[in-house]
Amino acid sequence: MAANKNPIFPLLPVAGAATLTTAATEKDGSTATTLLTAGENGTRLEQAIVKPIGTNAATVVRFFITGTGLNTILTEQTIGESTASEVAALDEYVIPLNFVLPNGSVLKAALGTTVAA
(Lines give C-alpha, C1' and ligand atoms only; values in the text may rest on other atoms or scores of the structure.)
Protein backbone atom coordinates (compact mmCIF):
# COMPACT_ATOMS: atom_id res chain seq x y z
CA MET A 1 0.00 0.00 0.00
CA ALA A 2 1.49 3.35 -1.04
CA ALA A 3 1.79 6.15 1.50
CA ASN A 4 0.81 9.73 0.78
CA LYS A 5 4.02 11.46 -0.30
CA ASN A 6 2.55 14.96 -0.37
CA PRO A 7 2.46 17.06 2.81
CA ILE A 8 -0.96 18.06 4.10
CA PHE A 9 -1.46 21.66 5.18
CA PRO A 10 -4.47 23.17 6.98
CA LEU A 11 -6.86 25.14 4.81
CA LEU A 12 -7.63 27.60 7.63
CA PRO A 13 -4.95 27.53 10.35
CA VAL A 14 -6.09 28.42 13.86
CA ALA A 15 -3.93 30.24 16.41
CA GLY A 16 -4.70 31.72 19.80
CA ALA A 17 -3.11 33.99 22.38
CA ALA A 18 -3.92 35.49 25.75
CA THR A 19 -2.27 37.34 28.63
CA LEU A 20 -2.79 35.52 31.92
CA THR A 21 -2.31 37.22 35.29
CA THR A 22 -5.06 35.92 37.61
CA ALA A 23 -5.03 32.50 39.24
CA ALA A 24 -7.70 29.98 38.27
CA THR A 25 -7.08 27.04 40.55
CA GLU A 26 -9.88 24.67 39.51
CA LYS A 27 -8.68 21.59 37.69
CA ASP A 28 -11.45 21.26 35.09
CA GLY A 29 -10.89 24.44 33.05
CA SER A 30 -14.24 25.96 34.01
CA THR A 31 -12.81 29.44 34.72
CA ALA A 32 -9.65 29.19 32.60
CA THR A 33 -9.02 31.67 29.76
CA THR A 34 -9.95 30.59 26.24
CA LEU A 35 -7.00 30.43 23.85
CA LEU A 36 -8.73 29.02 20.78
CA THR A 37 -11.71 27.07 19.53
CA ALA A 38 -11.12 24.13 17.19
CA GLY A 39 -11.96 24.64 13.53
CA GLU A 40 -14.62 22.83 11.52
CA ASN A 41 -12.34 19.87 10.85
CA GLY A 42 -10.65 19.93 14.25
CA THR A 43 -7.37 21.64 15.08
CA ARG A 44 -3.95 20.11 15.59
CA LEU A 45 -2.12 21.57 18.57
CA GLU A 46 1.61 21.37 18.12
CA GLN A 47 2.96 23.53 20.94
CA ALA A 48 2.29 26.39 23.29
CA ILE A 49 4.81 29.12 23.99
CA VAL A 50 4.63 30.74 27.43
CA LYS A 51 6.68 33.84 28.16
CA PRO A 52 6.55 36.09 31.23
CA ILE A 53 6.39 39.79 30.34
CA GLY A 54 7.56 41.24 33.66
CA THR A 55 8.64 40.45 37.21
CA ASN A 56 6.64 37.50 38.56
CA ALA A 57 6.58 34.88 41.28
CA ALA A 58 6.85 31.24 40.23
CA THR A 59 3.60 29.62 39.13
CA VAL A 60 2.23 26.79 37.02
CA VAL A 61 0.39 27.11 33.71
CA ARG A 62 -2.25 24.49 32.95
CA PHE A 63 -3.85 23.74 29.60
CA PHE A 64 -7.38 22.35 29.41
CA ILE A 65 -9.65 20.93 26.75
CA THR A 66 -13.31 21.80 27.23
CA GLY A 67 -16.53 21.53 25.25
CA THR A 68 -18.16 18.60 23.44
CA GLY A 69 -18.15 16.57 26.65
CA LEU A 70 -14.45 17.12 27.36
CA ASN A 71 -13.51 19.04 30.51
CA THR A 72 -10.06 17.82 31.35
CA ILE A 73 -6.51 18.96 31.89
CA LEU A 74 -4.21 18.32 28.93
CA THR A 75 -0.84 19.24 30.45
CA GLU A 76 0.84 21.62 32.88
CA GLN A 77 4.25 23.29 33.19
CA THR A 78 6.01 24.97 36.10
CA ILE A 79 6.99 28.55 35.26
CA GLY A 80 9.92 29.91 37.26
CA GLU A 81 10.04 33.34 38.84
CA SER A 82 11.08 36.12 36.51
CA THR A 83 12.66 39.55 36.87
CA ALA A 84 12.16 42.18 34.20
CA SER A 85 15.41 43.48 32.76
CA GLU A 86 16.58 45.76 29.99
CA VAL A 87 19.73 43.70 29.41
CA ALA A 88 18.64 40.06 29.77
CA ALA A 89 15.88 38.09 28.06
CA LEU A 90 13.15 36.49 30.15
CA ASP A 91 12.85 32.69 30.00
CA GLU A 92 10.57 31.24 27.35
CA TYR A 93 8.77 27.92 27.82
CA VAL A 94 7.93 25.84 24.74
CA ILE A 95 5.42 23.21 25.77
CA PRO A 96 4.77 20.35 23.33
CA LEU A 97 1.06 19.56 23.08
CA ASN A 98 0.86 17.18 20.07
CA PHE A 99 -2.89 16.77 20.33
CA VAL A 100 -5.84 17.14 17.97
CA LEU A 101 -8.83 19.11 19.27
CA PRO A 102 -12.11 17.75 17.94
CA ASN A 103 -14.47 20.16 16.17
CA GLY A 104 -16.11 22.48 18.71
CA SER A 105 -13.60 21.82 21.48
CA VAL A 106 -11.87 24.71 23.24
CA LEU A 107 -8.26 25.02 24.41
CA LYS A 108 -8.01 27.01 27.64
CA ALA A 109 -5.15 28.02 29.92
CA ALA A 110 -4.91 29.03 33.57
CA LEU A 111 -2.26 29.99 36.12
CA GLY A 112 -1.92 28.39 39.54
CA THR A 113 -1.07 31.69 41.27
CA THR A 114 -1.71 35.34 40.42
CA VAL A 115 1.27 37.06 38.78
CA ALA A 116 2.10 40.68 37.99
CA ALA A 117 2.64 40.42 34.23
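Any value given below was found using the heavy atoms of this structure, including those in side chains, with hydrogens, waters and symmetry copies removed.
Closest heavy-atom contact between V115 and L20: CG2-O, 3.9 Å. Residue T21 comes nearest to A116 through the heavy atom pair CG2-O, 4.1 Å, listed as atom of the first residue, atom of the second, then distance.
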Show me the side-chain donor-acceptor pairs of residues 79-97 shorter than 3.5 Å, one per line, residues at least two apart or across chains.
unit_1: S82; atom_1: OG; unit_2: G54; atom_2: O; d: 2.7
unit_1: S82; atom_1: OG; unit_2: N56; atom_2: N; d: 3.3
unit_1: S82; atom_1: OG; unit_2: N56; atom_2: ND2; d: 3.3
unit_1: S85; atom_1: OG; unit_2: V87; atom_2: N; d: 3.0
unit_1: S85; atom_1: OG; unit_2: A88; atom_2: N; d: 3.1
unit_1: Y93; atom_1: OH; unit_2: G80; atom_2: N; d: 2.9

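The shortest distance between side-chain heavy atoms of K27 and R62 falls below 4.5 Å. Side chains of L36 and L45 form a contact here, defined as non-hydrogen atoms less than 4.5 Å apart. Using a 4.5 Å cut-off on side-chain heavy atoms (C-beta onward), T22 and L111 make no contact.
To the nearest 0.5 Å, atom OG1 of residue T31 and atom CD of residue E26 are 3.0 Å apart. Going from atom CD of E76 over to atom OG1 of T59 covers 10.5 Å, rounded to the nearest 0.5 Å.
With hydrogens and angles ignored, the 3.5 Å screen pairs a side-chain donor or acceptor of T114 with a backbone N or O of A23. Checking side-chain atoms of K108 against main-chain N and O of V106 turns up no donor-acceptor pair under 3.5 Å. Between the S105 side chain and the L101 main chain, no donor and acceptor come within less than 3.5 Å of each other.
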Run the side chain to side chain contact (heavy atoms under 4.5 Å, CB included) test on V50 and F63 for me, step by step, so that the C-alpha distance in whole Å, both residues' side-chain angles and the decisive distance to 0.1 Å come before the verdict. CA-CA 11 Å; V50 177; F63 293 92; 4.0 Å; yes

Can you check side chain to side chain contact (heavy atoms under 4.5 Å, CB included) on F99 and L107, steps first, answer last? CA-CA 11 Å; F99 187 82; L107 176 68; over 6 Å; no

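Under the 4.5 Å side-chain contact rule for hydrophobic residues, V61 and F64 do not share a cluster.
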